[in-house]
Amino acid sequence: MTSFDSSPQLGVWRALLALTVVFVMLATTGWTAVRQHRGAASPLEATLSAWERGRIDGRDLPDADAPAARLAQFFASLTAHQSARLAARYPLAVGNMNGAPVELRYTANRIALQQARRIERERMHDDRLSPVGKQTAERRMKRFGVMSRPHRQVLAFDPMGSGRMAEVFGDLPRAERVSVVVPGVDTNVLTFERTQRKYAAPVGMAQALYGAERKARPGARTAVIAWADYTTPVGLGVDAATSMRADDGAIRLDSLVRALPGRTPVALYCHSYGSVVCGVAAHRLPPRVTDIAVAGSPGMRSDSAAGLGSRARIWAARDSDDWIQDVPHMEVGGLGHGADPVSAGFGARVVSADRARGHTGYFEPGTDSLSNFAEIGVGGYDGVRCAGGDPGCREGISGTAAA
């Protein structure tokens, strides 16, 4: 009789057992954690429906789902006054419309946020809500007020459910290089920005990256987008163990990238479950996406970097005490997200994450991971520090010492 101890398949059996245990735990603790809103009317859908029936000075409005280039042509044909009227009349539609001028989207979303703030203020005094519901309404009211301030550049906003949001740092229309931060689990309008653990939230991540890029290349025109414009999994439940949320997020991410102004290079920074989104999107993303960097990744729904089907350079970082390393990196029956991106067999360019701590510390100022992300963002590949000090992660990149 063959002993399992001597079988070359022992590692596979152990991994399968570990995966089964993990997902049984996830199923019993998190299967029902996903908050759905069946039957609830979406303010965004209502505004889009009104847009479909709308006109501007006798002209029909184009399909809101038309290609970004077609929508850009439409807005270019309008006067500033006409554009402002559309933003005021259909703020959620214009604010989330790929192809609408960036500055107009900022204006429209400011209006939409102010409207959402008034609604939440009313809900705070709604006796049909529980004390917890009233408290949540108050928190949302305050968040929407902060985000509607004149200096905030909100590129996308949807108040429905837990909410979606995206914010720009820098001058996006004039940027020579654009970076997009894609966050993971439990990201919503209330966790989009934090005072405590600032750099674990999308706004803090993007602000840190924007500052680091400016430090890496002073005078460079860069822009960074904190992109939480997809519905993330809630908690470490089955939703987080499958690609369902990532499938929708990937479509939205591709639409964002294709609608960005100009033809500037784009780098994606995908944290935790965000790396699943980027992995699913990779094969469809346009060539302007030159780099995809993942941090604390549970997997990218692929067995290898080559298997992603992208021409972008694939980078990976993980610090030594990130708990994600203990999650089985495999996919069985739709559960799990595939191979470990920092493993030698995956084929990513593995960069140093020295001084980063835990699962959410990759964008902390002073860490190697943030410094490396900034160098990638400005195209300074020669300044990237590879994991273990081996320059192999820069191999084959034109203009670097390891080329």
Side-chain angles (χ1 to χ4, degrees), residues 34-123 126 128-129 136-137 140-141 143-144 147-148 154-167 188-189 192 227-232 244-245 247-260:
V34 180
R35 293 190 289 271
Q36 296 184 354
H37 301 270
R38 293 190 180 98
S42 163
L44 176 55
E45 290 176 356
T47 306
L48 288 171
S49 179
W51 170 277
E52 290 175 1
R53 301 187 301 272
R55 294 168 68 83
I56 182 76
D57 292 339
R59 296 174 58 187
D60 290 335
L61 301 181
D63 187 342
D65 292 327
R70 166 74 182 90
L71 291 169
Q73 289 177 350
F74 168 74
F75 281 102
S77 72
L78 302 178
T79 66
H81 180 63
Q82 288 173 324
S83 293
R85 283 165 54 197
L86 288 177
R89 192 181 302 168
Y90 312 103
L92 279 174
V94 175
N96 290 279
M97 193 172 291
N98 290 323
V102 169
E103 294 289 347
L104 187 64
R105 291 179 68 173
Y106 297 160
T107 299
N109 282 318
R110 194 168 297 120
I111 296 170
L113 281 157
Q114 291 167 350
Q115 292 177 347
R117 181 174 183 268
R118 288 193 290 271
I119 292 171
E120 297 299 335
R121 183 189 293 153
E122 292 176 3
R123 294 180 70 245
D126 188 339
R128 293 172 297 179
L129 291 182
T136 300
R140 285 168 64 94
M141 185 271 291
R143 173 52 46 81
F144 296 160
M147 295 304 298
S148 66
V154 177
L155 188 67
F157 170 60
D158 183 356
M160 182 63 181
S162 59
R164 300 194 302 253
M165 193 172 288
E167 183 177 12
N188 53 56
V189 294
F192 186 63
W227 188 80
D229 192 26
Y230 79 105
T231 302
T232 69
M244 182 177 71
R245 298 298 183 190
D247 293 343
D248 176 66
I251 295 172
R252 300 182 68 82
L253 180 60
D254 178 60
S255 296
L256 166 84
V257 171
R258 292 181 183 277
L260 291 175

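For reference, positions follow the sequence shown, starting with 1.
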Which distance, rounded to the nearest 0.5 Å, do you find between the OG1 of Thr231 and the CG of Asn188? 10.0 Å
Could you walk me through whether Arg123 and Glu120 pass salt bridge (charged side-chain N to carboxylate O under 4.0 Å, His left out), step by step? CA-CA 5 Å; Arg123 294 180 70 245; Glu120 297 299 335; 2.7 Å; yes
Value for CE (Met165) from CH2 (Trp227), rounded to nearest 0.5 Å, stands at 14.0 Å
Answer yes or no: is there a side-chain heavy-atom contact under 4.5 Å between Leu61 and Phe74? yes
Between Arg59 and Ser77, is any side-chain donor less than 3.5 angstrom from a side-chain acceptor? yes
Is the shortest heavy-atom distance from the side chain of Pro62 to the side chain of Leu71 under 4.5 Å? yes
Gap between atom CG of Leu256 and atom CG of Leu155 - 0.5 Å precision: 6.5 Å
Would you say the side chains of Arg53 and Ser49 form a donor-acceptor pair under 3.5 Å? yes
Should Asp57 and Arg85 count as an ion pair when the cut-off is N to O under 4.0 Å? yes
Between OG of Ser148 and CD of Gln114, what distance do you get to the nearest 0.5 Å? 5.0 Å
Rounded to the nearest 0.5 Å, how far apart are CZ of Arg89 and CD1 of Ile56? 5.0 Å
Heavy atoms only: give me the nearest Ala108-Ala87 pair and the separation to one decimal. CB-CB, 4.0 Å
Side-chain contact test, heavy atoms from C-beta onward, threshold under 4.5 Å: evaluate it for Arg143 versus Arg117 and give yes or no. no
Measuring only between side-chain heavy atoms, which start at C-beta, is Phe144 closer than 4.5 Å to Ile119? no
Main-chain N/O of Ala228 paired with Thr232 side-chain donor or acceptor, under 3.5 Å: no
Flag the pair Leu44 / Asn96 as yes when at least one side-chain heavy-atom distance between them is below 4.5 Å, and no otherwise. yes
Non-hydrogen atoms of Tyr106 and Val154 that approach each other most closely: CD2-O, 3.5 Å
Any side-chain heavy-atom pair from Leu86 and Trp51 closer than 4.5 angstrom? yes
Rounded to the nearest 0.5 Å, what separation is found between the CG atom of Asn98 and the CG atom of Asp65? 10.0 Å
Does Phe157 reach the side chain of Met147, with side-chain heavy atoms less than 4.5 Å apart? no
